Structures are given as C-alpha cells and as structure tokens.
Amino acid sequence: DTAVSQTPKYLVTQMGNDKSIKCEQNLGHDTMYWYKQDSKKFLKIMFSYNNKELIINETVPNRFSPKSPDKAHLNLHINSLELGDSAVYFCASSLNGGPRRDIQYFGAGTRLSVL
Amino acid sequence: DAKTTQPTSMDCAEGRAANLPCNHSTISGNEYVYWYRQIHSQGPQYIIHGLKNNETNEMASLIITEDRKSSTLILPHATLRDTAVYYCVAGRGKSTFGDGTTLTVKP
C-alpha cells in the first residue's frame with residue numbers, strides 16, 4: 001500500500017482553467033503539507049494542516065486553496081491557472097508528536113503543466 | 001526553523017564513504033536535524049534524524065557536532081543508486097528545504 005498517494009500524477013491544462021490535486025495518507029499522521037518544486041528544483045512549502053486546521057500558509061496566491069476534509073486527506077484546488085504554476089507539487093505527512101515527530105513522508109508528486 | 005547551508009554539489013567514488021556536511025548555526029536547543037534525499041524527480045525520502053547524539057540506521061550515519069551548529073551525513077559505502085539531491089532540514093513545524101547537495105556517485 002502506498003503511504004502517501006497523490007492523484008493525478010500528471011496534469012496538463014490550459015491557462016485560466018481550475019484544477020484540483022488530491023492527497024491521501026494511510027499512515028495515521030495528523031499533519032499534512034503541500035510543497036511546490038519548480039524547474040530550479042527548489043522545494044518550497046506552501047501549506048500545512050494539523051488535525052484539519054491550517055497552521056502554515058506561506059506567501060501563496062489566493063488562487064491556491066487547500067482543503068482538508070479529514071486528517072487523512074489534504075486536497076489542493078487551483079483557480080485560474082497561470083503559466084508560472086507549472087511545477088511539481090508534492091504532498092507530505094508527519095506526526096506532530098512522539099519520537100518520530102516531524103519526519104515527513106512524501107508522495108510521488110503531481111507534475112502540472114500549464115499551456 | 002533554522003537556516004541550513006550545504007555545498008551545492010559533491011562527487012564520490014562508488015564503494016567509498018560519502019560525507020555530506022550541513023551548517024545549521026542558528027539551530028535552537030530543541031530542534032532536530034533531519035536528512036532527506038530526492039532521487040531524480042521522485043518525492044523526497046527520509047534518511048535519518050538526530051538531536052544531539054550521533055545516530056546510525058540501515059541507510060546512513062549522522063554525526064552532530066557538540067555545539068550542534070553543524071552535522072555530517074555519512075553514506076558508508078556509496079553506490080550508484082545513492083546519486084541524488086540530499087537535503088538537511090533543521091527545526092520543526094515550518095519545514096524549510098534549502099537547495100540541498102547534489103551527490104554524484106561515480107563508477
């Protein structure tokens with residue numbers, strides 16, 4: 001079983017469209033994250049949720065809206081897609097406590113191409 | 001989270017030990033040091049973490065200086081499959097992945 005799974009793996013879309021990326025973890029973790037990795041390979045955190053509550057919201061355009069229906073899911077909705085949104089988006093999860101706290105487990109990534 | 005500084009790239013001969021340094025001079029007393037690696041375009045993978053003491057697991061060893069301002073990840077017998085970008089992360093909560101070190105293991 002995949003611990004952190006993202007769908008879709010690839011997403012090709014036109015500028016101006018709205019799209020969603022889904023993330024699910026079956027590790028029993030209570031914290032989930034979204035990262036963006038652009039062509040320069042810099043891995044930048046976008047959002048973090050703990051027990052469905054937003055705890056980190058970096059400087060991200062408000063076209064990006066995360067939603068956490070429960071602790072095991074963190075979805076990312078992007079409105080009015082722009083060329084600069086093309087990147088690989090990674091979902092991750094971790095535990096907030098215990099000896100293995102904050103160790104993040106990553107999904108395989110969603111490669112978004114905006115044309 | 002503490003800022004980390006790593007060399008941009010390193011080479012290592014296959015079968016040799018790869019020693020990857022990380023500077024985290026602003027680390028707080030209760031902040032851990034975590035190491036991850038990213039092979040090609042896969043998701044980053046956790047390797048090891050530590051607070052004060054040196055740590056070893058099946059993948060690597062982590063040496064943390066006594067003042068905790070720097071650490072070294074050691075891959076004892078590097079293989080071609082260890083070619084990857086290695087990230088050192090210090091802190092908790094807000095996770096700042098720097099540029100990492102691109103390790104190239106050569107035959």
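Below, read A as the first sequence line, B as the second, and so on, with proteins coming before strands; counting in each chain starts at 1. All of these numbers come straight from a predicted model, not from anything done at the bench.
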Most chain A-contacting option - heavy-atom pairs closer than 4.5 Å, from B:Y87, B:Y46, B:Y32: B:Y46
Parallel, tilted or perpendicular: ring planes of B:F97 versus B:Y36, cut at 30 and 60 degrees: tilted
Chain B contact via A:Q6 - which portion, at a heavy-atom distance below 4.5 Å: neither
Residue-level interface, residues 55-86 of chain B with chain A, non-hydrogen cut-off under 4.5 Å: none
Other residues, nucleotides, ligands: >12 heavy atoms within 6.0 Å of A:R63 CZ: yes
A:F47 ring center near A:F64 ring center (under 6.0 Å): no
Segment of A:R101 engaging chain B (4.5 angstrom heavy-atom cut-off): both
Nearest-0.5 Å distance, CG of residue A:L74 to NZ of residue A:K52: 12.5 Å
Pairs meeting criterion disulfide bond (SG atoms under 2.5 Å apart) with involvement of residues 77-115 of chain A, two or more places apart: A:C23-A:C91
Distance (rounded to the nearest 0.5 Å) between A:D38 CG and A:L43 CG: 9.5 Å
Donor + acceptor pair across side chains of B:H24, B:T4 (<3.5 Å): no
Toward chain B, the part of A:N50 with a non-hydrogen atom under 4.5 Å: neither
Separation of B:S9 OG from B:D99 CG (nearest 0.5 Å): 12.0 Å
